[in-house]
Chemist: 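First the structure, then my questions, so here it is.
Every chain is numbered from 1, with letters handed out A, B, ... down the list of sequences.
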Amino acid sequence: MIDLRVLRDDPEAVRASQRARGEDGAVVDRVLDLDVRRRAAISEFERLRAEQKSRGKDVAKAKGEEKQALLADVKELSERVKAAEADSAALGAEFDAALRSIPNVVEDGVPPGGEDDYVVLEEVGAHPQLPEGLDAWRDHLELGEALGAIDTARGAKVSGSRFYFLTGVGARLELALLNLAVSRAVAAGFTPMITPTLVKPEVMAGTGFLGAHAAEVYKLEEDDLYLTGTSEVALAGYHSDEILDLSAGPRRYAGWSACYRREAGSYGKDTRGIIRVHQFHKVEMFSFCRPEDAAAEHRRLLGFEKDMLAAVEVPYRVIDTAAGDLGSSAARKFDCEAWVPSQGAYRELTSTSNCTTFQARRLGIRERVEDGAGTRPVATLNGTLATTRWLVAILENHQQADGSVRVPAALQPFLGLEVLQPVG
RNA sequence: GGAGGGCUGGCCGAGUGGUUGAAGGCGGCGGUCUUGAAAACCGCUAGGGAGGUACCCACUCCUUCCUCAUGGGUUCGAAUCCCAUGCCCUCCGCCA
């Protein structure tokens, strides 16, 4: 939810943000109109309610005939109060729905446009040379099958398309990667968390995932719960309806969880291997910080992501995602995309979003204002530290002519192997 | 799944229809006293919304509404009565 004050004081800024996202600016004027009508209705209700209360006190004091007369009088007033309250509530709900439908106002500097209008901020690391003796790069699935690491055929047999088993060194490699991520997060001051992956509707809605991308989310109709696509959801909800003390700096968490995504609308895309799957694991950074510190914290999270990518020794580039590709909660998003040799393309491995106060406003996460009374919403940010998809980049970039895969030095202590060898 | 008990402010805990947004205590903040501290004593101390006041914003101030788990209902009037839901606790059953 965006800041109503911003909408009132500078509606043009919100319209401009909507345009940059390629969305409708008219909703701004609809909200402003509803705001005026809502406030009038509230005033009317409050006026009547105050009258009812003060007359009620007279009733309490009165006795006998006098009391009967007052009762008849105040009975009629009670009806008007109910009607005014209903009006006010209806307008309030309409206003609220309209306000919530507006995605976060994009940060200055975000490139306008859609998915393909990103700006490349930097490219890091040289693309690997095709190992001598190979005519073409083996892709991660071919490598994974030869290593006895990935089994998509049985994944499909058991659970359907876009499911897989990680087997043997594949399972070990994923655990090593995620453990490396957790240990680096801990070293950087993050509190590790293992989070619920089923959450209530208000938490899912609070993080903004039930907006335009609701079709991506698995829902358990019977239990009125949602399966999370990232531990960001549970971590954002962790401090909901709380007042945090951020005077000592941001609260930083590193969530470990399975992630579930329906991948609706991506039929035929990335059907091979484990690039795009319905279930995977992820270590996610999450920060609660003061709004004025959010942009700096965002760069910090990006820095941690780059450190992790350096640790697994894959070439990558950093992009500044265009406004239309941000998702409703984010004001800005940086993605790190790793080089995938078999595709000759960069593929997203990490994504860090600055959600400013958008999620906190919906979830009721605040801090005390130092001088003077009152509270204000905090800022929330998230970023990826490792996911199952990273195995794709690791396997492909470190493949050797004989089908073996070199293990990056940083992973070796967690894996206990220097090279992954083909089986059989 | 069945049977009970409970859910009040940062915490504990009174309150069973009418000036109760809520006694009392703890904690916190400020003050008096003291060389300093402690103790003692005094005062203050929930969150949110709307309107007004103001040179814009903010603060202060004023008015007012909402919130005693949540949502409905009864009533002129609900923390207090009724219904539903959620959560916590105890016991039984079931599963692991």
Chemist: Mind checking the C1' distance from C29(B) to G10(B)? Whole angstroms is fine.
Modeler: 13 Å
Chemist: Ignoring backbone atoms, establish whether Ser78(A) has a side-chain N or O less than 4.0 Å from OP1 or OP2 of U75(B).
Modeler: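 Negative; the distance criterion is not met.
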Chemist: Between C57(B) atom P and Leu4(A) atom CG, what is the distance in whole Å?
Modeler: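 Spelled out: CG on Leu4(A) to P on C57(B) is 14 Å.
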Chemist: Specify the separation, in whole Å, of atom CG of Asp87(A) and atom P of C65(B).
Modeler: 19 Å
Chemist: Could you tell me the separation between the CG atom of Leu225(A) and the P atom of U85(B), rounded to a whole number of Å?
Modeler: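 Result: 17 Å.
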Chemist: Using a 4.0 Å heavy-atom cut-off, does Gln52(A) contact any base of the nucleic acid, only the sugar-phosphate backbone, or nothing at all?
Modeler: sugar-phosphate
Chemist: Map Gly56(A) and Ala50(A) onto RNA chain B by nearest heavy atom, then report which one ends up closer to the 5' terminus.
Modeler: Gly56(A)
Chemist: With rounding to the closest Å, how many angstrom separate the C1' atoms on G5(B) and G18(B)?
Modeler: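 One C1' to the other, the span is 30 Å.
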Chemist: Mind calculating the distance between CZ (Arg8(A)) and P (A58(B)) to the nearest angstrom?
Modeler: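 Taking CZ of Arg8(A) and P of A58(B), I get 10 Å after rounding.
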Chemist: Closest approach to the side chain of Arg39(A), judged atom by atom: which nucleotide of A50(B), C66(B), G77(B) is it?
Modeler: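 Between A50(B), C66(B), G77(B), the one nearest the side chain of Arg39(A) would be A50(B).
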Chemist: Strictly by modelled atom types, are Gln359(A) and Arg362(A) linked by a side-chain donor-acceptor pair under 3.5 Å?
Modeler: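 On atom types as modelled, these side chains do not qualify, holding no pair under 3.5 Å.
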Chemist: Using a heavy-atom cut-off of under 4.0 Å over every strand shown, decide if Arg55(A) touches base, sugar-phosphate, or nothing.
Modeler: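 Touches nothing.
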Chemist: Could you tell me which nucleotide pairs with C94(B) by Watson-Crick or G-U wobble geometry, both distances under 3.5 Å, or answer none if nothing does?
Modeler: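 Paired with C94(B), as far as the under-3.5 Å criterion goes, is no nucleotide at all.
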Chemist: At less than 4.0 Å, is any side-chain N or O atom of Lys53(A) found next to OP1 or OP2 of C66(B)? Yes or no.
Modeler: yes
Chemist: Are any side-chain N or O atoms of Glu305(A) and backbone N or O atoms of Leu385(A), one a donor and one an acceptor, separated by less than 3.5 Å?
Modeler: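 No.
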Chemist: Of the options C76(B), A50(B), G47(B), whose atoms approach the side-chain atoms of Arg38(A) most closely?
Modeler: A50(B)
Chemist: Does Arg154(A) count as lying over the ring of Phe165(A), i.e. NZ or CZ under 6.0 Å from the six-ring centre, within 45 degrees of the axis?
Modeler: no
Chemist: Between A22(B) and C12(B), how far apart are the two C1' atoms, rounded to whole Å?
Modeler: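 Here A22(B) and C12(B) have their C1' atoms 15 Å from each other.
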Chemist: Roughly how many Å apart are G28(B) and U19(B), using the C1' atom of each and rounding to a whole number?
Modeler: 30 Å
Chemist: Suppose we define a pair by two distances each less than 3.5 Å, Watson-Crick or G-U wobble; what does G36(B) pair with here?
Modeler: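 The answer is none; no pair meets the criterion.
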Chemist: 5'-most contact on RNA chain B: Glu85(A) or Ser43(A), nearest heavy atom basis?
Modeler: Ser43(A)
Chemist: Take atom CZ of Arg49(A) and atom P of C66(B), then tell me their distance rounded to the nearest Å.
Modeler: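 Whole-Å distance recorded here is 4 Å.
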Chemist: Determine the contact category for Arg47(A): base if any of its heavy atoms lies under 4.0 Å from a base atom, sugar-phosphate if only primed atoms, P, OP1 or OP2 are that close, otherwise nothing.
Modeler: nothing
Chemist: Closer than 4.0 angstrom, basic N to acidic O: yes or no for Glu396(A) and Arg347(A)?
Modeler: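 Salt bridge: no.
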Chemist: Please work out whether the ring planes of Tyr253(A) and Phe288(A) are parallel, tilted or perpendicular, with thresholds of 30° and 60°.
Modeler: perpendicular
Chemist: Taking the same atom, C1', in C82(B) and in U74(B), what whole-Å distance lies between them?
Modeler: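 The same atom, C1', in both gives a distance of 7 Å.
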Chemist: Should A78(B) form a Watson-Crick or G-U wobble pair with both distances under 3.5 Å, which nucleotide is its partner?
Modeler: none
Chemist: Using the P atom in both, what is the distance from C68(B) to G9(B), to the nearest Å?
Modeler: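 Per the computed distance, 10 Å lies between those P atoms.
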Chemist: Which nucleotide, in any strand shown, forms a Watson-Crick or G-U wobble pair with G51(B), with both distances under 3.5 Å?
Modeler: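 Pair assignment: G51(B) / C62(B).
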Chemist: Taking 4.0 angstrom as the limit, do Arg290(A) and Glu367(A) come out as a salt bridge?
Modeler: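 Yes, this pair counts.
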Chemist: Rounded off to whole Å, could you give me the CG-to-P distance for the Leu34(A) and A50(B) pair?
Modeler: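 Result: 15 Å.
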Chemist: With both distances under 3.5 angstrom, what nucleotide forms a Watson-Crick or G-U wobble pair with G9(B)?
Modeler: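 Answer to the pairing question: none, since G9(B) forms no Watson-Crick or G-U pair.
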Chemist: Counting only side-chain N and O atoms of Arg5(A), is one of them less than 4.0 Å from OP1 or OP2 of A58(B)?
Modeler: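 The answer is yes; a side-chain N or O of Arg5(A) sits under 4.0 Å from OP1 or OP2.
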Chemist: May I ask you to say whether Arg317(A) pairs ionically with Glu337(A), meaning some side-chain N is under 4.0 Å from a carboxylate O?
Modeler: yes
Chemist: Looking only at atom P, what distance separates A3(B) and A84(B), rounded to whole Å?
Modeler: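 It comes out at 12 Å once rounded to the nearest Å.
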Chemist: If I take atom CD in residue Glu51(A) and atom P in nucleotide U64(B), what distance separates them, rounded to the nearest angstrom?
Modeler: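 That distance rounds to 13 Å.
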Chemist: Taking atom C1' in both A14(B) and A79(B), compute the distance separating them and give it to the nearest angstrom.
Modeler: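 One C1' to the other, the span is 12 Å.
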Chemist: Which base sits across from C44(B) as a Watson-Crick or G-U pair, both distances under 3.5 Å?
Modeler: G28(B)
Chemist: Rounded to the nearest Å, what distance is computed from the NZ atom of residue Lys200(A) to the C1' atom of nucleotide G86(B)?
Modeler: 7 Å
